[in-house]
Amino acid sequence: MSGPRAYLSVLLLSTAVLFAGLWVVTSKLRRGFLETEYGVWQAKLDMIDACDLGDVVILGDSRASAGLIPQQLHPGASNFALSGTGPIEADFELRRMLRCPKLPKIAVLSFSPHQFEHIDWFWRRSARFGLFSYADLEEIRDAEQSISPGLIYQSAYGSEPPGAVKNWLHVSHFPPYEFADLIGSAVVGRLNDNRRAYQDTLKARGQHLVGNYQQCAEAPDGEIDTRFSPTPLIDRYYERLIGDLHSNGIDIIIMQTPMSELSASKMTAEFESQFAAYLSDRGAGRYVTPATDALFPVRANCDFGDEVHLNQRGADAFSTMMKRQLELGGRIRNAG
């Protein structure tokens with residue numbers, strides 16, 4: 001065989017081999033090309049899978065991951081808050097914990113109001129960083145289609161693969177979904193950064209600073225919500241999360257991380273009261289909802305490394321203050 005047909009055959013074979021090689025890279029060498037937050041997630045998930053939980057676990061978003069120092073709350077505490085996540089991801093973290101022979105005695109829940117209203121990083125991180133199995137994603141898809149259609153999966157023909165296929169492609173690390181990171185990292189250029197992030201996160205029992213590219217907080221970008229409106233899908237998983245914690249005898253403490261002075265100046269009293277009412281309604285009989293001012297604590301702008309995340313100094317001061325002011329120390333000493 002020669003001529004155009006031979007050329008086409010060689011081209012197709014070469015393309016297939018190259019694609020298969022990329023698929024091996026995207027499946028087996030993920031620390032090499034994913035953003036360094038991947039190393040942080042893997043450290044926390046490995047701690048959970050090893051049942052290295054401690055008596056106190058922190059579940060929440062990136063503000064909690066940066067702002068709550070486990071050692072300041074209790075020597076056996078662990079921070080499993082994940083960047084860009086909300087109650088959906090926390091519920092699946094808890095499901096992993098419930099496989100362990102010894103469960104924590106206290107769960108600190110710390111989600112900013114935004115995480116009850118929006119799902120911003122679901123595909124970018126949650127579906128790519130190893131938290132969900134295919135069955136998990138299918139469960140979420142079924143729930144989304146029944147109560148929040150279009151929130152995560154687009155139903156319009158041609159806009160994306162069918163939901164079941166999209167789920168499989170993500171858990172299988174389909175190379176086209178990884179091209180941007182592969183190019184940005186020159187394939188394996190982030191390996192050392194991810195290794196360092198992994199080790200640092202283990203050493204800090206899960207606490208991990210986010211941002212820190214500014215000396216102090218700046219004014220927040222974009223519009224500020226004036227009304228709190230939780231998304232039904234997120235609300236369902238929050239209800240399940242607190243229900244599973246309560247039914248397994250794990251005490252629940254709500255602890256909100258601070259806003260900067262600049263952010264606080266944009267917050268409305270209506271929004272604050274609506275968020276407090278929501279938490280109170282969902283927690284009735286299962287946890288004590290903090291007073292509204294405790295749900296929106298404020299710290300100086302220069303305690304922040306960006307618009308919303310505490311720097312190490314701010315995290316140290318806030319963690320120490322919360323142990324004292326909320327009398328968390330006494331409850332944790334009883335847990336230890």
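Just the heavy atoms: all of them, side chains too, but no hydrogens, waters or symmetry mates, feed the values below.
In this structure the side chain of Ser83 never reaches within 4.5 angstrom of the side chain of Val40, judged on heavy atoms. Inter-residue side-chain proximity for Met47 and Arg205 is flagged as met; some heavy-atom pair is nearer than 4.5 Å.
The CD1 atom of Ile48 sits 9.0 Å away from the CG atom of Leu94 when rounded to the nearest 0.5 Å. A distance of 11.5 Å separates CD of Gln312 from CG of Asp303, quoted to the nearest 0.5 Å. Taking CZ of Arg125 as the reference point, atom OG of Ser62 lies at 8.0 Å (rounded to 0.5 Å). For the atom pair CG (Asp316) and CE (Met321), the distance works out to 12.0 Å, reported to the nearest 0.5 Å. How far CD of Glu272 is from CG of Leu295: 8.5 Å, rounded to the nearest 0.5 Å. Remark: Leu53 CG to Glu93 CD distance equals 10.5 Å, nearest 0.5 Å.
The minimum heavy-atom distance between Leu22 and Pro175, with the atom names listed, is C-CG, 4.1 Å. The heavy-atom pair separating Leu310 from Ala66 by the smallest distance is O-CB, 4.0 Å. Pairing each heavy atom of Arg128 with each of Asp181, the nearest pair is NH2-OD2, 2.9 Å. Shortest non-hydrogen contact noted between Glu160 and Gln154 is OE2-N, 2.9 Å. Taking every heavy atom of both residues into account, Ala217 and Phe304 meet most closely at CB-CB, 3.8 Å. When every heavy atom of Leu262 is checked against every heavy atom of Glu218, the shortest pair comes out as CD1-C, 3.4 Å.
Pairs passing the disulfide (SG to SG under 2.5 Å) check and including a residue from residues 9-93, sequence neighbours excluded, read Cys51-Cys100.
Without hydrogens or angle criteria, Asp200 side chain to His208 main chain gives no donor-acceptor distance under 3.5 Å. Between the side chain of Ser65 and the backbone N or O of Asn79, no donor-acceptor pair lies under 3.5 Å. Remark: side-chain polar atoms of Ser27 are paired, donor with acceptor, to backbone N or O of Trp23 under 3.5 angstrom. Formation of a donor-acceptor pair under 3.5 Å by the Ser273 side chain with backbone atoms of Glu270 is found in this model. The main-chain N or O of Thr257 is found under 3.5 Å from a side-chain atom of Arg63 such that the two form a donor-acceptor pair. Not a single donor-acceptor pair under 3.5 Å links the side chain of Tyr237 to the backbone N or O of Gly86. With Gln274 contributing its side chain and Arg227 its backbone, the two residues share no donor-acceptor pair below 3.5 Å. Between the Ser146 side chain and the Ala143 main chain, a donor and an acceptor come within less than 3.5 Å of each other. Here the side chain of Thr85 pairs a donor or acceptor atom with the backbone of Gly60 at under 3.5 angstrom. Of the possible polar contacts, one joining the Asp136 side chain to the Ser133 backbone as a donor-acceptor pair under 3.5 Å is found.
Under the 30°/60° scheme for interplanar angles, the aromatic rings of Tyr278 and Phe275 are found to lie parallel. A perpendicular orientation is assigned to the rings of Tyr38 and Phe129, their planes being inclined by more than 60° (bins at 30° and 60°).
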Give the intermediate values and the outcome of side-chain hydrogen bond (donor to acceptor under 3.5 Å, both in side chains) for residues Glu178 and Thr26.
CA-CA 7 Å; Glu178 316 289 3; Thr26 59; 5.7 Å; no
Criterion side-chain contact (heavy atoms from CB on, under 4.5 Å) on Lys166 and Tyr177, from CA distance to verdict
CA-CA 10 Å; Lys166 184 175 183 178; Tyr177 289 148; 4.1 Å; yes
Would you mind writing out the side-chain donor-acceptor pairs for residues 106-116 within the sub-3.5 Å range, not counting sequence neighbours?
unit_1, atom_1, unit_2, atom_2, d
Ser110, OG, Met255, O, 2.6
Ser112, OG, Asp61, OD2, 2.9
His114, NE2, Asp120, OD2, 2.5

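One hydrophobic cluster, built from ILVMFWY side chains closer than 4.5 Å, cannot hold both Val308 and Val298; they sit in different ones. Tracing side-chain contacts under 4.5 Å through hydrophobic residues (I, L, V, M, F, W, Y), one reaches Ile234 starting from Ile254; they form part of the same cluster. A single hydrophobic cluster is seen to contain both Leu98 and Phe132, as judged by linkage of ILVMFWY side chains at heavy-atom distances under 4.5 Å, directly or through other members. Hydrophobic clustering places Ile119 together with Leu241 (ILVMFWY residues linked when any side-chain heavy atoms are closer than 4.5 Å, directly or through intermediates). Placement of Ile69 and Phe80 in two distinct hydrophobic clusters is found when ILVMFWY residues are connected by side-chain heavy-atom separations under 4.5 Å, directly or transitively.
Between Glu138 and Arg141 there is a salt bridge, since a side-chain N of the basic residue sits under 4.0 Å from a carboxylate O of the acidic one. Classification of Arg286 and Glu239 as a salt-bridged pair holds, one side-chain N sitting under 4.0 Å from a carboxylate O. Of the charged side-chain nitrogens involved, none lies within less than 4.0 Å of a carboxylate oxygen, so that Asp244 and Arg95 do not count as a salt-bridged pair. Using a cut-off of 4.0 Å between Lys/Arg side-chain N and Asp/Glu carboxylate O, Glu35 and Arg190 are scored as not salt-bridged. In this structure, Asp251 does not pair ionically with Lys105, as no charged nitrogen and carboxylate oxygen lie closer than 4.0 Å.
In the model, Ser126 has a side-chain atom that pairs as donor or acceptor with a side-chain atom of Glu89 under 3.5 Å.
Checking each of Asp193, Asn194, Asn192 against Arg196 for a side-chain hydrogen bond (donor to acceptor under 3.5 Å, both in side chains) leaves exactly one that passes, namely Asp193. Only one option out of Thr201, Leu202, Leu131 pairs with Lys44 in a side-chain contact (heavy atoms from CB on, under 4.5 Å); it is Thr201.
Arg99 pairs by the side-chain hydrogen bond (donor to acceptor under 3.5 Å, both in side chains) definition with nothing, not counting sequence neighbours.
In this structure, Arg195 fails the cation-pi test against Tyr198, since its NZ or CZ atom is not both closer than 6.0 Å to the six-membered ring centre and inside 45 degrees of the ring normal.
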